[in-house]
Amino acid sequence: MAVVGESGSGKSTLGRCISGLLPINSGAIIYNDVELASSYKKRSREQLKAVQMIYQMADTALNPRHCIGDIIGRPLKFYSDLNGPRLQARTHDILNAVGLEPGKFFSRRPEELSGGQKQRVGIARALAADPAVIICDEITSALDQLVAEGILRLIDDLKNTFGLSYLFITHDLTVVQSIADDVLVLKAGHIVEYGERNNVFAPPCDQYVMQLVNSMPQMNPDWLDDLVRCGSTQSQA
Ligand SMILES: Nc1ncnc2c1ncn2[C@@H]1O[C@H](COP(=O)(O)OP(=O)(O)OP(=O)(O)O)[C@@H](O)[C@H]1O
Ligand SMILES: [Mg+2]
């Protein structure tokens, strides 16, 4: 599910509330029919394991003093109780899964990696918990287009391999177009639209949604044309 909306609409706040990093003023966070405590400190290990988060700035999200193997091994140990060679083997598996050769990257520190590689480590660290849901907050917006596309492909591949769901926070509707099944549109902290991707964007759509679409000159025109055709067919029907 993509979460979209203009800057300041509350996308990151929503992600941080779900992760238990920010207290909520009203409402409830319900996961598998169980209400989660507002603060992560009061959640069980199983609840913490279930929802992981990846951040926009991979630079500041990774501890510069730890090597990549430790950055992944620590949560792996905490959530799985693996130790010794089995812990190391699993760390290698996860590095391989995110496209980082273990022999080359295990002992390196974050400063020795490119932006895209750091973001792969961020993804690997989230995978180490074996979560059901990963909240991705603008994880490609600090990367150039080619590297960002690689990360999006990886995210898509991992979805099937690891049986993941994503809450994918982005202001970039071209990303929504390429990966999302469902979309939630936020404005000033409120949900404006929520539903299946093509329904949310199909005309006649909400005026605010239309503004978001119009602010994206690089949107694939074929896709929008298809939606317009689909919308006009629906209205004729
Ligand atoms: N810790 C906080 N305490 C109080 N207000 C906050 C806090 N963090 C964010 N805000 C405010 O909440 C609103 C939503 O901010 P948020 O960072 O969630 O927006 P966003 O949709 O993620 O924007 P962007 O696309 O720029 O990242 C803003 O008005 C912001 O100033
Ligand atoms: Mg944000």
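Owing to the predicted nature of the structure, the values given are computational and were not obtained by experimental measurement. Start at 1 and go down the list; that is how both ligands and their atoms are numbered.
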Counting non-hydrogen protein atoms only, what is the nearest one to [atom]? Give residue, atom name and distance.
atom: atom 27 (O) of ligand 1; result: Ser12 OG, 4.0 Å
atom: atom 2 (C) of ligand 1; result: Leu22 CD2, 4.8 Å
atom: atom 25 (O) of ligand 1; result: Lys11 NZ, 2.7 Å
atom: atom 13 (C) of ligand 1; result: Gly8 O, 3.7 Å
atom: atom 24 (P) of ligand 1; result: Ser7 OG, 3.6 Å
atom: atom 16 (P) of ligand 1; result: Thr13 OG1, 3.5 Å
atom: atom 8 (N) of ligand 1; result: Arg16 NH1, 4.1 Å

Trace of the side chain to side chain contact (heavy atoms under 4.5 Å, CB included) decision for Ile151 with Ile123: CA-CA 9 Å; Ile151 294 287; Ile123 295 168; 4.1 Å; yes
Step by step, work out the side chain to side chain contact (heavy atoms under 4.5 Å, CB included) result for Met1 and Tyr166. CA-CA 6 Å; Met1 184 194 296; Tyr166 298 114; over 6 Å; no
Does the shortest distance from the Mg ion (ligand 2) to an N/O/S atom of Ser12 fall below 2.8 Å? yes
Around atom OH of Tyr31, are there more than 12 heavy atoms of other residues, nucleotides or ligands at under 6.0 Å? yes
Note: Ala126 and Ile134 closest approach over all heavy atoms is CB-CD1, 4.0 Å
Audit row: Val4, Val183, side chain to side chain contact (heavy atoms under 4.5 Å, CB included) steps and yes/no: CA-CA 7 Å; Val4 301; Val183 182; 3.9 Å; yes
Closer than 4.0 Å: a protein non-hydrogen atom to [atom]:
atom: atom 22 (O) of ligand 1; answer: yes
atom: atom 31 (O) of ligand 1; answer: no
atom: atom 4 (C) of ligand 1; answer: no

For ligand 1, which atoms have a heavy atom of Glu6 less than 4.0 angstrom away? 21 (O)
Between His171 and ligand 1, which residue portion shows a heavy-atom distance shorter than 4.0 Å: side chain, backbone, both, or neither? neither
Can Arg43 be said to sit on top of Tyr40's aromatic six-ring, NZ or CZ under 6.0 Å from centre and within 45° of the ring axis? no
Give the cluster check for Leu22 versus Ile54: same hydrophobic cluster or not, with ILVMFWY residues linked at side-chain heavy-atom distances below 4.5 Å. no
Show your reasoning for whether side chain to side chain contact (heavy atoms under 4.5 Å, CB included) applies to Ser178 and Leu152. CA-CA 9 Å; Ser178 65; Leu152 289 176; 4.3 Å; yes
Test side chain to side chain contact (heavy atoms under 4.5 Å, CB included) applied to Ile139 and Ile169, Ile155, Val175, the passing residue: Ile155
Tell me, please: is Gln56 in heavy-atom contact with ligand 1, that is, under 4.0 Å? no
